Number of protein chains: 2
Amino acid sequence: MKTTESIDLQKASQILKLLGDKTRLTMMKLLESHDCCVCEFVAIFKMSQPAISQHLRKLRDIELVKEERRGQWIFYSINQEHGDYPLISSILHHLPDQGGSISDLEEQGLRVCCE
Amino acid sequence: MKTTESIDLQKASQILKLLGDKTRLTMMKLLESHDCCVCEFVAIFKMSQPAISQHLRKLRDIELVKEERRGQWIFYSINQEHGDYPLISSILHHLPDQGGSISDLEEQGLRVCCE
DNA sequence: TGCATATATAAGCATATAGTTATATGATAC
DNA sequence: GTATCATATAACTATATGCTTATATATGCA
């Protein structure tokens, strides 16, 4: 009766609640195309560092994103191994591309690059 | 740059916030397969009538559902004309079928039928 | 008309949420 | 070592949310 793609309603509503915040939803859309570090989010959202950090923690707590330290920065990326990634991915595909935010960062010389 | 399917992030997050409640998300999944009236929801969710009514109002306010009076009952259905219906529909497709709730209602003789 | 049923609304309350400021941790540079 | 930069956490506060109870509205029927 239940397909391999169907998700527990409890879990699904928890995920949707987290995505139901403009800042976090935009973060996920941005992460869909590039990993970002905390200070980039701070610059993009013009929001305090603790506020950004707390949003990221919520996304991390239910494992929607992964963190990885690179030098003094911590980069976040989408956790494509999440059991409900198909749902998350399909939602993000309906949203407009946020490449503009990244371009703006580059113009301001704020893009962090660790390669 | 923006495809015909892409949605304003503000609006999308508002929709996701509303769907980020287990009761409302389950309501939408139920409505995907059959219209329901308020008293059916009350029986299914074992929740007070005002609580159900308030959830439905939120869904109605952003036009995710439509209401239609049939005799003394008011039936709710999904608004497939909603501009963001493709997003909503794709979310619901990832969720498990809730037909069992309706069968339970029928067994208890609580299913409302106005045809 | 009057009463029962179905639904909506209002007011109040407890909890959740998203921000703030202050402080702690951890890595790098000197 | 100490200073600096990047990030996380803690404590607090204002607002939002989801329920409750009480009441209002609308339909159907005797």
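Below, read A as the first sequence line, B as the second, and so on, with proteins coming before strands; counting in each chain starts at 1. These numbers were taken from a predicted model, which means no experiment stands behind them. Both backbone and side-chain heavy atoms feed into the values below; hydrogens, waters and symmetry mates do not.
- Between B/Leu56 atom CG and C/dT9 atom C1' the separation is 14 Å, expressed in whole Å.
- Residues B/Glu40 and B/Asp35 come closest through the heavy atom pair OE1-O, 4.2 Å.
- Closest contact between the side chain of B/Gln49 and the listed nucleotides C/dT9, C/dG26, C/dT7 involves C/dT7.
- Mapping A/Lys17 and A/Arg57 onto DNA chain D by nearest heavy atom places A/Arg57 closer to the 5' end of the strand.
- Residue A/Trp73 places its side chain closer to D/dA6 than to any other of D/dA6, C/dT7, C/dG19.
- Checking D/dC19, C/dA18, C/dG19 against the side-chain heavy atoms of A/His55 singles out C/dG19 as nearest.
- Heavy atoms of B/Lys58 sit under 4.0 angstrom from primed sugar atoms or phosphate atoms, though from no base atom.
- Between B/Arg69 and C/dA6 there is no side-chain polar atom (N or O) within less than 4.0 angstrom of OP1 or OP2.
- As a whole-Å value, the separation of A/Glu68 CD from D/dA6 C1' is 16 Å.
- Taking 4.0 Å as the cut-off between side-chain N and carboxylate O, B/Lys17 and A/Asp21 do not count as a salt-bridged pair.
- When the C1' atom of D/dT17 is taken as reference, atom CG of B/Leu25 falls 17 Å away, rounded to whole Å.
- Note: CZ (A/Arg70) to C1' (C/dT28) measures 18 Å, nearest angstrom.
- Dashed line: the shortest gap from a side-chain N or O of A/Tyr76 to OP1 or OP2 of D/dA6 is not under 4.0 Å.
- A residue-by-residue look at B/Ser53 and A/Thr23 shows that B/Ser53 has its nearest nucleotide of DNA chain C further toward the 5' end.
- With rounding to whole Å, A/Lys46 atom NZ is found 21 Å from C/dA18 atom P.
- Proximity of a side-chain donor or acceptor of A/Gln72 to a complementary backbone N or O of A/Arg70 within less than 3.5 Å is not detected.
- For A/Gln72, counting side-chain heavy atoms from C-beta on, the closest listed nucleotide (D/dC19, C/dT28, C/dA6) is C/dT28.
- Taking atom CD1 on B/Ile74 and atom C1' on D/dA24, their separation rounds to 14 Å, with Å as the unit.
- Of the possible polar contacts, one joining the B/Lys29 side chain to the B/Leu95 backbone as a donor-acceptor pair under 3.5 Å is found.
- A close approach under 4.0 Å does occur between a side-chain nitrogen or oxygen of A/Arg24 and OP1 or OP2 of C/dA18.
- Atom CD in A/Glu67 sits roughly 13 Å away from atom C1' in C/dT25 (whole-Å rounding).
- Comparing atom distances between the A/Asp21 side chain and each of D/dC19, C/dA18, C/dG19 picks out C/dA18 as nearest.
- Within 6.0 Å of CD in B/Glu68 there are more than 12 heavy atoms belonging to other residues, nucleotides or ligands.
- With rounding to whole Å, A/Ile52 atom CD1 is found 12 Å from D/dT7 atom C1'.
- Formation of a donor-acceptor pair under 3.5 Å by the B/Ser53 side chain with backbone atoms of B/Gln49 is not found in this model.
- In this structure, of D/dT7, C/dT21, C/dA8, it is C/dT21 that holds the atom nearest to the side chain of A/Ser48.
- Of the listed nucleotides (C/dG19, C/dA8, D/dT20), C/dA8 has the atom at the smallest distance from the side chain of B/Val38.
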